[in-house]
Amino acid sequence: MDDLPLFSSATAPPVLIDDVPATVYEKPELNDPQRLAVENCDGPLLILAGAGSGKTRVITYRIAHLVQNGVSPFRIMALTFTNKAAAEMKERASEILRGQRVNSWISTFHSACLRILRKDADRLNYPKDFTVYDANDQSRLIKACLAELGLTDKEHPARQLGSMISRYKSAGKGPVEAENEYRAHRDEVFARVFQLYETNLQKSRCMDFDDLLAKTVTLLRDHKPVRDYYTDRFTHLMVDEFQDTNGVQYDLVKLLTGPDKNICVVGDDDQSIYRWRGAEVGNFSRFERDYHPKIIKLEQNYRSAGNILKAANAVVSKNLDRKEKKLWTGADDGELIKVYTAEDEVDEAHFVANTIKSALNEGSRSLNEFAIFYRTNSQSRTFEDALRRNGTAYKIFGGLKFYDRKEIKDILAWFKAILNPFDLVSFKRIINTPPRGVGTVTVEKLEELAVENGLPLIHAIEDEKIVDQLSLGASKKVHALAEIIGKLRAITESSPAVDAIGSALTETGYLTWLEEEEKSEARTRMENLQELENAAEEFAQTNGDTTMSAFLDHASLLSDADNVDEQAGSVKLMTVHVSKGLEFPMVFVTGLEDKIFPHARSLGDPAQMGEERRLMYVAMTRAREVLHLTHARSRRIFGVGQRNKPSEFLADIPPAVCKLDSSHPVYRPTGYEGPRKAPIYKPAVPQNRIPSGAAAPVKTEGGFAIGMKVVHKTFQVGVIRKIDGVGEKCRLTIYFPRFGEKKLIKKFAGLLQA
DNA sequence: GCCCGCGGGGTTTTT
DNA sequence: CCCCGCGGGC
């Protein structure tokens with residue numbers, strides 16, 4: 001693997017080899033651009049940091065450099081997206097600054113904002129002890145709003161409305177903009193729900209995740225003394241993963257920038273994979289326009305072997321509108337990238353599991369050197385099965401987060417309700433959980449009585465005179481509930497959070513309830529609750545704060561308790577999104593098929609396809625030494641077998657850096673023909689034919705199938721998502737990238753195959 | 001008020 | 001196929 005032309009396309013950046021002594025890879029010192037990035041501390045700076053270019057090192061050394069040059073750590077703020085990144089940065093900064101107290105703010109955007117708001121929320125007509133709502137709470141509140149408007153969750157899914165609301169708020173917009181921007185009936189509903197949601201949120205004295213950012217922006221923008229306080233204190237500001245910032249975060253950063261404009265943002269446009277969530281890559285150019293920063297590019301990759309980098313570059317360089325960048329490495333080419341064509345998803349999983357097993361048997365690698373990536377969570381299942389069959393320890397990352405689990409939320413809701421009597425979502429959650437005979441009828445009656453008496457519901461329930469107005473049976477049950485609330489309130493006020501949680505588990509009857517339920521999940525749930533107590537204890541010890549409200553803040557913002565580094569001794573499984581920021585010696589990127597990765601919903605939309613491509617780039621650049629790419633010729637999707645072409649990304653990888661992997665004994669379902677010899681990477685042509693022949697049936701009707709691309713005279717190109725009914729009554733749900741989802745009657749739509 | 005069974009829907013998700 | 005949430009029956 002030597003002097004072959006590395007890239008067929010003229011636009012692809014060259015990869016420079018052997019430009020730098022090998023020791024650099026082993027023990028990295030600061031290279032020239034890195035040193036510039038560290039030492040340029042005056043005025044605005046934009047660091048374009050390619051994958052694996054030592055970004056974290058640069059940020060931490062910058063902090064150290066500032067401190068050594070007389071800037072007090074007290075005046076430094078660094079903003080990240082994840083708690084993990086913040087923790088790592090904090091730890092490494094304190095290592096470098098041995099012994100010095102690092103009282104900088106190194107935290108996520110959200111916790112920095114929460115901290116700011118806890119101090120001054122009263123200026124926004126919020127109590128300082130407002131509650132933070134997560135996506136689940138938000139969804140419950142939206143459902144309540146829908147009900148209030150006489151609408152159903154069916155026609156307007158709360159989750160979908162929630163993400164629309166979030167998208168608006170991330171762009172700094174509210175219900176008024178929503179109303180102005182939409183005219184169609186469906187969206188009028190959206191604006192009304194949005195409006196009511198905002199009103200009810202305020203009434204509940206709660207903020208959702210997006211509010212934490214948006215309200216901080218309002219606070220800083222409209223209250224000069226507050227803004228002055230922060231811009232005076234923080235003379236040096238740093239922002240990590242700048243490509244992932246949304247509109248509101250950009251505004252926030254701008255408001256926090258002091259008069260000296262010592263602001264440094266770090267990011268990589270090629271790793272922007274959260275555009276769908278409101279991230280605006282345009283913030284890079286906005287930053288350049290607003291600040292005229294110095295620009296430093298970190299282009300030397302210290303992570304991946306040469307071939308991996310060449311392949312990754314080849315994939316991402318097909319995107320247009322990239323920042324000019326030439327990522328290179330001083331490392332050797334390393335092994336060729338292995339491409340495996342599996343018969344189906346079971347074969348794919350076995351190939352991966354067996355490859356890992358034989359590498360382990362050779363003794364050269366340990367369990368935690370392996371990672372398996374997939375595009376969607378549902379793909380994890382077959383890998384779990386295969387690994388389990390091989391007796392290989394594994395751990396899945398992502399998925400349901402600890403603090404999002406039902407049992408955890410059920411218990412914490414008691415304290416949220418007690419600490420904020422206006423938080424109806426939390427209170428309603430616990431009124432009859434576990435079931436104690438206080439049903440909807442009783443609650444409705446109580447709500448009326450509460451309104452009449454001008455009391456929040458939870459206080460009304462504790463008011464004997466009010467409860468006595470209920471029927472005898474109901475009032476007894478409500479009294480019992482009030483008693484629990486009273487006890488928990490007392491212990492919350494007097495004792496550490498751990499003890500309060502402990503007594504909630506027994507007093508509310510939650511543990512007994514779980515014990516009685518003879519379900520298989522009950523055991524895990526109880527273990528999780530035990531873990532909740534541990535978490536409260538641990539939080540108190542590390543933060544020196546035993547109060548419930550502090551723990552609740554922690555729980556709502558630090559939502560993933562799992563830490564990849566701490567899970568030694570297991571193969572790691574995760575979606576590509578979750579893999580961002582991590583690295584592993586041996587990586588398997590799986591499901592590389594048209595409609596899986598790139599995902600079907602991205603096909604036909606250039607912007608979304610660009611993001612899929614970056615996603616692939618992120619996945620590949622996680623690998624240090626060995627990269628396996630796998631795809632299956634057929635795969636069960638929603639229980640139905642489907643044939644998919646190899647992903648077009650496979651075709652983008654220069655043949656010179658990869659080889660077909662056929663060396664392993666694989667699991668062979670009947671009909672397996674052995675590994676293919678012919679080149680499998682033909683540039684993908686748009687898949688628009690109904691899968692035929694041996695393929696299992698896909699839902700079809702009159703020449704149309706789910707996933708098929710079609711052309712409509714008004715809406716142009718779209719992808720069929722759903723087919724309802726047959727013949728004359730056949731209705732097609734089609735997603736048009738430019739117009740959104742439309743339901744059309746086949747007979748009248750005049751559709752053509754794309 | 002509770003529980004089971006049906007039906008709908010299923011991309012990614014740092015906080 | 002598999003998970004969820006709602007509604008109807010008990």
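Here is how names work: the chains are called A, B, and so on, in the same order as the sequence lines, proteins then strands, and each is numbered from 1.
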Requested in this report: Determine, step by step, whether Tyr133(A) and Asp423(A) satisfy the side chain to side chain contact (heavy atoms under 4.5 Å, CB included) criterion, reporting the C-alpha distance in whole Å, the side-chain angles of both residues, the deciding distance to 0.1 Å, and the verdict.
Outcome: CA-CA 10 Å; Tyr133(A) 269 6; Asp423(A) 177 359; 2.4 Å; yes
Query raised in the report: Tell me: CG of Leu146(A) to C1' of dG5(C), nearest whole Å?
Result: 15 Å
Query raised in the report: What orientation do Tyr250(A) and Phe242(A) show, parallel under 30°, tilted 30 to 60°, or perpendicular over 60°?
Result: tilted
Report summary line: What residues 268-280 of chain A contributes to the DNA chain B interface at heavy-atom separation below 4.0 Å is Tyr274(A), Trp276(A), Arg277(A)
Query raised in the report: What class does the angle between the rings of Tyr274(A) and His577(A) fall in, given that below 30° is parallel, 30 to 60° is tilted and above 60° is perpendicular?
Result: tilted
Query raised in the report: At under 4.0 Å between heavy atoms, what does Lys477(A) touch on the DNA or RNA strands: base, sugar-phosphate, or nothing?
Result: nothing
Query raised in the report: The side chain of Arg381(A) lies closest to which of these nucleotides: dC3(C), dT13(B), dT14(B)?
Result: dC3(C)
Report task. With the side chain of Phe638(A) defined as its heavy atoms from C-beta on, choose the nearest nucleotide among dC1(C), dT14(B), dT15(B). Result -> dC1(C)
Report task. Give one of base, sugar-phosphate or nothing for Thr442(A), where a contact means two heavy atoms less than 4.0 Å apart. Result -> sugar-phosphate
Report task. Could you please name the option among dC1(C), dC2(B), dT15(B) that lies closest to any side-chain atom of Pro435(A)? Result -> dC2(B)
Report task. Using the C1' atom on both, measure dT14(B) against dC3(C) and round to a whole Å. Result -> 25 Å
Query raised in the report: Distance between the P atoms of dT13(B) and dC4(C), in whole angstroms?
Result: 15 Å
Requested in this report: Tell me what Arg635(A) touches on the nucleic acid: a base, only sugar-phosphate, or nothing, going by heavy atoms under 4.0 Å.
Outcome: nothing
Query raised in the report: Which is true for Thr440(A) with a 4.0 Å heavy-atom rule: it touches a base, it touches only sugar-phosphate, or it touches nothing?
Result: sugar-phosphate
Report task. Mind checking Glu612(A) for me? I need base, sugar-phosphate or nothing, with any heavy atom below 4.0 Å counting as a touch. Result -> base
Query raised in the report: Checking all strands, does Asn432(A) fall into the base, sugar-phosphate, or nothing category for heavy-atom contacts under 4.0 angstrom?
Result: sugar-phosphate
Query raised in the report: Contact class for Asn377(A) vs. all strands (heavy atom < 4.0 Å): base, sugar-phosphate, or nothing?
Result: sugar-phosphate
